[in-house]
Amino acid sequence: MKEKWWHDKVAYQIYPKSFKDSNGDGIGDIRGIIEKLDYLQELGIDLLWLSPIYCSPLADQGYDISDYYNIDPRFGTLEDLDELIAEGKKRNIGIVMDLVVNHCSDEHEWFKKAIEDPDGPYGKFFYIEDYKKGDKLPCNWRSYFGGSCWEPLPGHEDKLYLHVFHKKQPDLNWENPLLRKEIYKMINWWLDRGIAGFRIDAIINIKKKLPFCDYPADRADGLSSIENMLKEATGIGEFLNEMADECFRKHDSFTVGEVFNEKDSDLPLFIGEDGYFSTMFDFSTTFIDETGISTVEPVKDLQEKYKKASFKAHKRVDGIGLLSNIIENHDEPRGVSRYIPKEDLSDKSKKMLAGVYFMMPGVPFIYQGQEIGMENLSEVKSLSELDDCANPDLYRRAIEDGLTEEEALKLISLRSRDNARTPFQWSGDVNAGFSDAEPWLMLNPKYKDINLEKQHDDPESVFSFYKKLIKLRKDKEYERTVVYGDFEPYEEEKKNLLCFKRILDKRILVAANYQREPQVLELDEKVKAVLISNNAELAEKVTEAGTRILLQGYDYLVAELGEE
Ligand code: GLC
Ligand code: CA
């Protein structure tokens, strides 16, 4: 693999609205992020991805952009952002912005002009179709947030526009070269401002299968998931390659795509040496609890499914490129609540989960609060306590699938995107130290137990463990092996044992006993030194134990293999 400047980086995702409020309005902001840069530097972060901070009506929390060239006043100003970029540079932290170009906001001036003159140039920036009341819709696609993806164009009874997400997020028409030119201009404007790159939102949706047509209905609403259409849409590569050429390659930027459902044969094109993107997220483990029907039952064989999914994902890109590894983000529940059985949730098991995904090949991303082991909201009492525009459909579907109202709320507390969006728990003080005012979204009631202040100086805390993991990735002796080493699963068939080697100039073993019962690990080579463990006793004994190692429940270990 040709070496790239970003290969050895550790990234951190900030959800700005919930990170740190600097001016007491209950909403996190850019100055709050600046205040916490020293903290992020101390943790060891190199790249900082900010979820959108552009002007937005916040119908989908910033993923509905009304001005790509400006910062929403709730988050600050362009000057604040320039300062963040400059202060980041001083600390070797590169800023990665969110690029949301499948759609904009219905309050963007392009859409306003399209409403004024649907047949004019800006009408062609969107998908606008003629419609006679009572007629069949142009197609039966269901928007990601529920309901039809067609909405009457305001002021025009005889026209509809397409939105695959919220109705306040009209889709941009990438078939139109003028639209693409505008997008590239905007991207370059940001890259020239000194950001390190972009996380690229929902990008797989920019290519539609045209002309519009119906797909088999897959729910009682008679609609069909967008995914059915996406499977048949071909030709996205031309757009992505053009964007890479016009923008990213010139700037040698870091780009990470939000890509789903890609074919094996597409991988080299997406993340190969000269791919459209630097890397893309590995979402493979987020599908292991997707059963197709709403349920609050715990996943069967969760641990084995987790292992199989993540191993397969990394083997699949072997020799092609690097994935970006996550256990959660702003769209997913908290990883520790999702991938560790509830009864086993502890600092120890949280550290194990952290250690496993961190030592896989790829770029590790930490989502804010993950480094202190923030958990899901346990008991949501009513939808009105929450915010996310995806909640109503999640709830509606649960009821459709036969869950009781109580169960549907439980499902929300397991799955809602708001689980990850509650404010960062800086301390056990009022408003968890996030703000002087009441936060825009409820706090996780566990903040008195789980907060940074409590963990910061404790060498045994989850936070300190993350620091150690990052330090190990950056340790000159091991860095190359951790970044470029081969990935070799070990004893893969052994139930709930998650074990692999990373091999280059060093031979590194990563072992996790992903269950509460002890189990024995038989090695085929000796342990030379223990580099990290979440069990001090184990770390002490391992080198003497020879090749037979007894792992206690949720034990985790990184060791160097070989003779003394
Ligand atoms: C991506 C974002 C998500 C947003 C959607 C529409 O999936 O991560 O938060 O709702 O795109 O922009
Ligand atoms: Ca604020």
Side-chain angles (χ1 to χ4, degrees), residues 13-36 49-54 56-66 68 71-77 80 84 96-106 108 143-146 149 162-172 198-206 226-227 230 256-261 280-281 283 286 324 326 328-333 365 367-368 387-394 415-421 423-424 426 431 433-441:
Q13 180 190 355
I14 286 190
Y15 196 67
K17 208 172 175 187
S18 296
F19 188 61
K20 180 73 177 86
D21 174 21
S22 72
N23 62 347
D25 62 359
I27 296 177
D29 44 55
I30 298 175
R31 302 221 67 85
I33 302 174
I34 297 175
E35 270 175 39
K36 297 295 180 186
W49 155 29
L50 309 183
S51 277
I53 46 173
Y54 314 91
S56 166
L58 304 187
D60 184 21
Q61 294 307 346
Y63 286 92
D64 46 321
I65 298 172
S66 54
Y68 286 101
I71 303 296
D72 193 284
R74 282 164 284 201
F75 295 127
T77 61
D80 292 335
L84 176 66
V96 175
M97 299 276 279
D98 215 310
L99 183 64
V100 189
V101 287
N102 172 69
H103 43 267
C104 59
S105 161
D106 64 342
H108 192 287
S143 87
Y144 286 102
F145 298 139
C149 63
L162 177 81
H163 62 91
V164 305
F165 288 93
H166 195 277
K167 66 178 183 201
K168 285 185 69 63
Q169 294 169 304
D171 278 57
L172 291 165
F198 285 102
R199 173 266 186 182
I200 302 172
D201 183 74
I203 195 66
I204 227 63
N205 296 283
I206 63 172
I226 299 283
E227 278 157 37
L230 289 177
V256 48
E258 188 194 27
V259 178
F260 290 99
N261 302 329
M280 62 194 213
F281 288 112
F283 291 115
T286 67
S324 284
I326 58 164
E328 64 202 42
N329 66 23
H330 68 293
D331 291 332
E332 301 293 337
F365 272 69
Y367 176 71
Q368 67 180 44
D387 164 85
D388 181 24
C389 66
N391 289 338
D393 193 55
L394 188 60
R415 291 301 202 87
S416 169
R417 306 195 295 182
D418 285 323
N419 279 301
R421 298 179 178 186
F424 191 103
W426 295 103
N431 303 323
F434 161 74
S435 171
D436 295 338
E438 194 191 328
W440 71 278
L441 178 64

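For ligands, and for the atoms within them, numbers begin at 1 and follow the listed sequence.
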Requested in this report: With the Ca ion (ligand 2) as the centre, enumerate protein N/O/S atoms below 3.0 Å in chain and residue order.
Outcome: Asp21 OD1, Asn23 OD1, Asp25 OD1, Ile27 O, Asp29 OD2
Query - For ligand 1, the residues whose heavy atoms come within less than 4.0 Å (ordered by chain, then number) - result: Asp60, Tyr63, His103, Phe145, Phe165, Gln169, Arg199, Asp201, Ala202, Glu258, His330, Asp331, Arg417, Arg421
Report task. Give a yes or no on whether the backbone of Ile53 and the side-chain of Asp72 come within a donor-acceptor separation of less than 3.5 Å. Result -> no
Query raised in the report: How long is the gap from CD on Glu438 to CG on Asp25, to the nearest 0.5 Å?
Result: 12.5 Å
Query raised in the report: Is there side-chain contact between Phe165 and Tyr63, with at least one heavy-atom pair below 4.5 Å?
Result: no
Query raised in the report: What about Phe434 and Phe424, are their ring centers closer than 6.0 Å?
Result: no
Requested in this report: State which residues pass side-chain contact (heavy atoms from CB on, under 4.5 Å) with Asp393; sequence neighbours excluded, sorted by chain then number.
Outcome: Arg219, Arg396
Query - Leu58 vs Trp440, side chain to side chain contact (heavy atoms under 4.5 Å, CB included): CA-CA, chis, key distance, verdict - result: CA-CA 12 Å; Leu58 304 187; Trp440 71 278; over 6 Å; no
Report summary line: By side-chain hydrogen bond (donor to acceptor under 3.5 Å, both in side chains), Gln13 pairs with (sequence neighbours left out) Ser51, His330
Query raised in the report: So, Asp201 versus Asn102: side-chain donor-acceptor pair below 3.5 Å or not?
Result: no
Report task. Considering only NZ, NE, NH1 and NH2 on the basic side and carboxylate oxygens on the acidic side, decide whether Lys167 and Asp64 come within less than 4.0 Å. Result -> no
